[in-house]
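For ligands, and for the atoms within them, numbers begin at 1 and follow the listed sequence. Only this structure's heavy atoms are used, side chains among them; waters, hydrogens and symmetry mates stay out.
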Amino acid sequence: MATEQGLPFGEKYHPAIKKLMELRRESLENIEEFWDKRARALIWFKYWDKVLDDSNPPFFRWFVGGVTNITVNALDRWIETPVKNKVAYYWEGEPGDTRVLSYFELWREVNRFAKVLKDLGIKPDDRVVIYMPMIPELPIAMLAAARIGAIHSVVFSGFSPKALADRIVDAKAKLLITADGYYRRGKVINLKKNADEGVRLAEEQGVKVEKVLVVKRGGLDLDVNMVEGRDYWYDELVKNVPYNTYVPPEPRKSDDVLFILYSSGTTGKPKGIMHSVGGYMVWTYWSFKWTWDPRPDDVMWTAADIGWITGHTYIVYAPLMHGMTNVMYEGAPDYPQPDRVWEIVEKYRVTILYTSPTAIRLFRKYGDEWVKKHDLSSLRLLGSVGEPINPDVWKWYYEVVGGGKTPIVDTWWQTETGAAMIAPVPGIALVPLKPGSATFPLPGVDADVVNDKGEPTKPGEKGYLVIKRPWPGMLIGLWGDPQRYIRTYWQRFSKPDEGVWIYYPADYAVKDEDGYIWMLGRADEVLNVAGHRLGTTEIEDAILAHPAVAEAAVVGIPDPIKGEVPLAVVVLREGYKPSKELEEEIKQTVRKILSPIAVPKRVLFVNKLPKTRSGKIMRRLIKAVATGAPLGDVSTLEDEASVEEIKRAWEEFK
Ligand code: ATP
Ligand code: MG
C-alpha cells in the first residue's frame with residue numbers, strides 16, 4: 001500500500017475511494033491554497049491576509065485579516081434570490097401545533113430580534129446565554145446575537161438551574177435569553193422558573209446577569225414570575241420594532257469568537273469550547289456539502305437539540321448557508337407514541353434524517369411495526385452521530401428505516417471539531433459502506449491512528465485517533481482556560497520542540513486493511529484484559545448482536561489475575577426478560593463473535609443506562625459504582641435513578 005501522508009492509494013481501491021483520496025491529497029499537500037479557493041464560496045467583507053496562521057501553536061488561526069458575518073451567508077445572501085420564499089423551518093410543537101418560516105421571514109425576524117438585543121445594550125463580544133426550548137426563536141436568537149457580534153452560548157433547556165448557573169458564571173454572561181416554558185412528554189415545563197433559579201445561583205457565585213429576555217412559546221398557560229427592571233417579555237419589546245427593520249451585520253474578524261458551547265460532559269467537567277467566526281463558517285459549509293450532497297428540494301431533519309453542537313451546525317448554521325429546508329421539532333421523538341419520529345418524516349417528506357445511535361437503538365427496541373406503519377420513501381440519506389453505531393443497529397437502520405436503499409452516513413466528530421470529520425461523503429463520491437465504520441476522513445482532515453508512542457499503527461492494530469494538521473473548523477480554545485486547552489488536546493502526542501502539533505480527540509480507533517476507520521470508544525475507557533487492549537465498543541457490538549439486547553455498556557473492573565475484566569450492563573428489547581440463561585447466552589455470543597478474553601464476568605440487567613442529556617452512555621459512572629470511586633461531575637447526567645439502579649444491581653451481584 002503506497003501511503004504518502006498515511007493515505008491508502010492503490011489499484012485495489014474503488015473508484016469512489018480514489019476520487020476521495022485524490023481530493024484529500026490535494027487538500028493536504030497544499031492546505032492554504034486548497035482553503036483559499038474554497039473560502040471564496042462564502043461572502044466576506046474583506047478577504048484574509050493569511051489562510052492559516054500557525055505562528056503561535058497550538059493556537060492556530062484561520063483566514064486571518066478576513067472580515068465577515070456568518071448571518072450574511074446564512075440569510076442575507078438568499079434575500080435577492082428565489083430562496084427568499086423557500087421554507088427555512090417547518091417547526092412542529094410536541095402537541096402538534098406548527099409554524100412555518102421562509103428564509104425571508106427568518107431574515108426579517110433575526111433583524112428585529114437583533115434590534116431588541118441592541119436596545120438592551122448588547123455589544124460585540126458580550127456573552128449572551130440562551131436557555132431555550134426547541135422553538136423558532138432559538139435559532140432566531142442565536143442568529144441575532146451573531147449578527148450584532150455578540151457571542152452566544154446555548155445551554156440545553158433540559159439542564160438543571162445549577163448547570164445553567166455554572167455556564168453563566170464561566171462565560172460571565174451579560175444577558176440571558178429564555179422562554180416561559182415548553183412541552184415535554186405531554187407536560188408543560190416551566191422553564192422560566194429554572195432560569196430564575198439559575199440566575200440566582202450564578203449571582204451567589206458573583207456573576208450577575210443584567211437582563212433576562214423572555215420569549216413566549218405560545219399556547220401555554222403558565223404563571224411566570226417577572227422581576228421588575230431585570231426581566232423583559234420579548235413580545236412586548238418586539239411589537240414596537242417595525243417589520244422593515246434592518247440591522248447591519250457587525251463586521252467580525254475571522255478569528256473572533258462566534259460562540260461558546262460546553263461539551264456533553266461524558267468524561268468529566270464540561271469544557272467551554274470556542275468556535276471562530278471565519279474558520280467555523282468555512283469548515284461547516286464544506287463539511288456539510290461533502291457529507292450531505294445538498295439538493296434544492298431536500299428536507300433535512302437533524303433530530304437533535306440545538307443545545308448540542310449537532311444542532312448548532314446541522315439545524316442552524318450549515319443548512320442555512322446551503323439554503324436548505326429544515327424540520328425542527330420541539331418534543332420527545334417517541335411521544336405520544338413510538339412512531340412520532342416516523343410520522344414526522346412522512347408528514348414533511350423528509351429526505352435526510354440525521355440522528356444518534358441512542359435514538360436508533362430506542363426505535364429498534366420498540367420493534368419494526370412502528371416504522372413500517374409509515375411511508376418513508378422520501379428518505380435518501382440517513383445519518384448517525386454521537387457514539388459509535390453498532391453494526392447490528394446500523395443494519396437495522398439501513399434495512400428497516402431505509403428499506404435497504406438509503407446510505408448510512410455515520411459521522412465522527414466532536415463539539416471541538418465544528419462539523420463532521422470522518423464520514424462517507426456522497427457530495428464527493430459515495431464509497432462502499434461497511435456497517436459500523438465512519439469510513440474515511442474528509443478532505444482537509446489529516447486523521448490517522450497511532451500507538452502509545454505516536455507511531456502510525458498497522459492495519460488492524462488498535463490505537464488512538466489523531467489529527468495531524470489544523471483544519472478550519474477546529475476549536476480556537478477553551479473559554480478562559482488556555483492551559484486546559486493545551487493539556488487536553490495537544491499534550492498527548494505533540495512534540496513542541498520539533499514543531500510537531502498533533503490534535504488528540506481521546507478516542508480509540510482502528511484502521512482496517514482498506515484504510516477504513518472504525519471508532520472503538522473513548523480512549524480513557526479502554527480495557528486491558530490479561531494484556532489485551534479492548535475498546536468498549538468492540539464488546540458492546542458483540543453483545544448487541546444478541547437479538548434480546550437493546551442497549552449495552554461495558555466497563556473494566558479490577559481482577560486479581562487478569563488485571564481487568566469486562567462488566568456488562570444490559571437493557572433488553574421489548575418482549576425479553578432477564579434470566580441466568582440469557583446472561584449465559586449473551587456471554588456465549590461475545591465468546592463466539594469476539595473472543596473468550598472479552599467475555600464479561602457478569603451481565604447486569606437494568607431498565608435504563610446512565611446517560612448524558614445528549615443521550616451518551618456514561619460508562620465512567622458504572623465504573624465508579626463498581627469500584628467504589630466517587631461519581632465525579634454528574635451535572636450532565638440525564639436521570640439519577642439510572643445510577644441507583646446500577647448500584648442495586650451491583651450490590652446484588654457482589
Ligand atoms: P466531553 O468531552 O465533555 O466528555 P463528549 O465527548 O460526549 O463530552 P461531544 O463533543 O458531544 O462531547 O462528543 C464527541 C464524542 O462523541 C467523540 O469524541 C466520540 O467519542 C463520540 N462520537 C461522536 N460521533 C461519533 C461517531 N460517529 N462514532 C463514534 N464516536 C462518535
Ligand atoms: Mg469529548
Side-chain angles (χ1 to χ4, degrees), residues 154 156 159 163 166-167 170 260-273 275 287 291 304-314 354-360 382-391 393-394 397 408-424 433-442 447 449 464-467 473-475 478 484-485 488-489 503-510 516-526 535-538 540-541 610-621 632-638:
V154 179
F156 171 54
F159 272 143
D166 289 349
R167 288 159 181 74
D170 195 71
I260 304 168
L261 182 65
Y262 291 82
S263 61
S264 308
T266 311
T267 51
K269 186 171 178 278
K271 302 174 275 274
I273 287 153
H275 277 290
S287 176
T291 325
D305 197 283
I306 291 177
W308 318 123
I309 188 71
T310 304
H312 277 56
T313 301
Y314 292 93
Y354 191 21
T355 185
S356 59
T358 191
I360 304 164
L382 292 171
S384 174
V385 62
E387 292 177 292
I389 179 164
N390 323 92
V393 176
W394 192 106
Y397 198 28
I408 306 292
V409 179
D410 175 11
T411 59
W412 176 87
W413 59 294
Q414 311 178 289
T415 310
E416 293 87 340
T417 70
M421 299 283 280
I422 304 176
L433 301 177
K434 299 188 185 189
S437 166
T439 72
F440 299 100
L442 268 58
V449 179
Y464 306 94
L465 186 72
V466 291
I467 297 160
M474 64 192 301
L475 76 164
L478 295 179
R484 191 179 181 198
Y485 169 71
T488 309
Y489 306 109
Y503 176 85
Y504 175 57
D507 279 333
Y508 203 50
V510 66
Y516 283 64
I517 295 179
W518 299 73
M519 303 307 301
L520 302 177
R522 309 271 173 168
D524 58 357
E525 291 172 343
V526 168
T536 49
T537 305
E538 299 176 79
E540 290 164 9
D541 283 350
K611 287 185 183 172
T612 61
R613 283 174 196 264
S614 57
K616 298 182 192 212
I617 301 171
M618 295 174 88
R619 293 176 194 80
R620 68 180 167 92
L621 298 183
D633 189 304
V634 287
S635 62
T636 63
L637 175 64
E638 180 199 17

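Among all protein heavy atoms, the one lying closest to atom 7 (O) of ligand 1 is T266 OG1, 2.4 Å. The nearest protein atom to atom 6 (O) of ligand 1, hydrogens excluded, is given as R522 NH1, 2.7 Å; this is a heavy-atom distance. Residue, atom and distance of the protein heavy atom nearest to atom 26 (C) of ligand 1 are E387 O, 3.4 Å. Of the protein's non-hydrogen atoms, S264 OG, 2.7 Å is the one closest to atom 11 (O) of ligand 1. The protein non-hydrogen atom at the shortest distance from atom 4 (O) of ligand 1 is T267 OG1, 2.5 Å.
Closest of all the heavy-atom pairs between L261 and V154 is CD1-O, 3.4 Å.
Here the side chain of E387 pairs a donor or acceptor atom with the backbone of I617 at under 3.5 angstrom. At least one donor-acceptor pair closer than 3.5 Å links the side chain of Y397 to the backbone N or O of G383. Although no hydrogens or angles enter the test, the distance criterion places no donor-acceptor pair under 3.5 Å between the side chain of T439 and the main chain of Y516. Judged by distance alone, the side chain of T313 and the main-chain N or O of G418 form a donor-acceptor pair under 3.5 Å.
Side-chain atoms of D166 and Y262 form no donor-acceptor pair, as typed in the model, at a separation below 3.5 Å. Side-chain contact, Y503 with T417: no donor N or O sits under 3.5 Å from an acceptor N or O. Side-chain contact annotation: T358 with K611, donor-acceptor N/O pair under 3.5 Å present.
Ring centroid separation for the pair Y508 and W412 does not come in under the 6.0 Å cut-off.
Inter-residue side-chain proximity for P388 and W394 is flagged as unmet; no heavy-atom pair is nearer than 4.5 Å.
Counting atoms of ligand 1 from 1 in the listed order, those under 4.0 Å from a heavy atom of D410 are 26 (C), 27 (N). The atoms of ligand 1 that sit less than 4.0 Å from any heavy atom of T415 are 9 (P), 10 (O), 11 (O). Under a 4.0 Å criterion applied to the non-hydrogen atoms of W413, ligand 1 contributes the atoms 14 (C), 17 (C), 23 (C), 24 (N). Residue-ligand proximity, D507 to ligand 1, at heavy-atom distances under 4.0 Å covers atoms 17 (C), 18 (O), 19 (C), 20 (O). Numbered from 1 in the order shown, with element, the atoms of ligand 1 that lie under 4.0 Å from a heavy atom of M519 read 28 (N), 29 (C). Near P388, meaning under 4.0 Å from any of its heavy atoms, are these atoms of ligand 1: 28 (N), 29 (C), 30 (N).
Among the atoms of G386, some N or O lies under 3.5 angstrom from an N or O of ligand 1.
Only the backbone of T411 comes within 4.0 Å of ligand 1, counting heavy atoms alone; no side-chain atom from C-beta on gets that close. Residue contacts with ligand 1 for Q414 involve both N, CA, C or O and side-chain atoms from C-beta outward (heavy atoms, distance under 4.0 Å).
Ligand 1 does not have A438 within reach: every non-hydrogen atom of the residue lies 4.0 Å or more from it.
Evaluated by nearest non-hydrogen atom to atom 16 (O) of ligand 1, the leading choice among K616, R620, K271 is K616.
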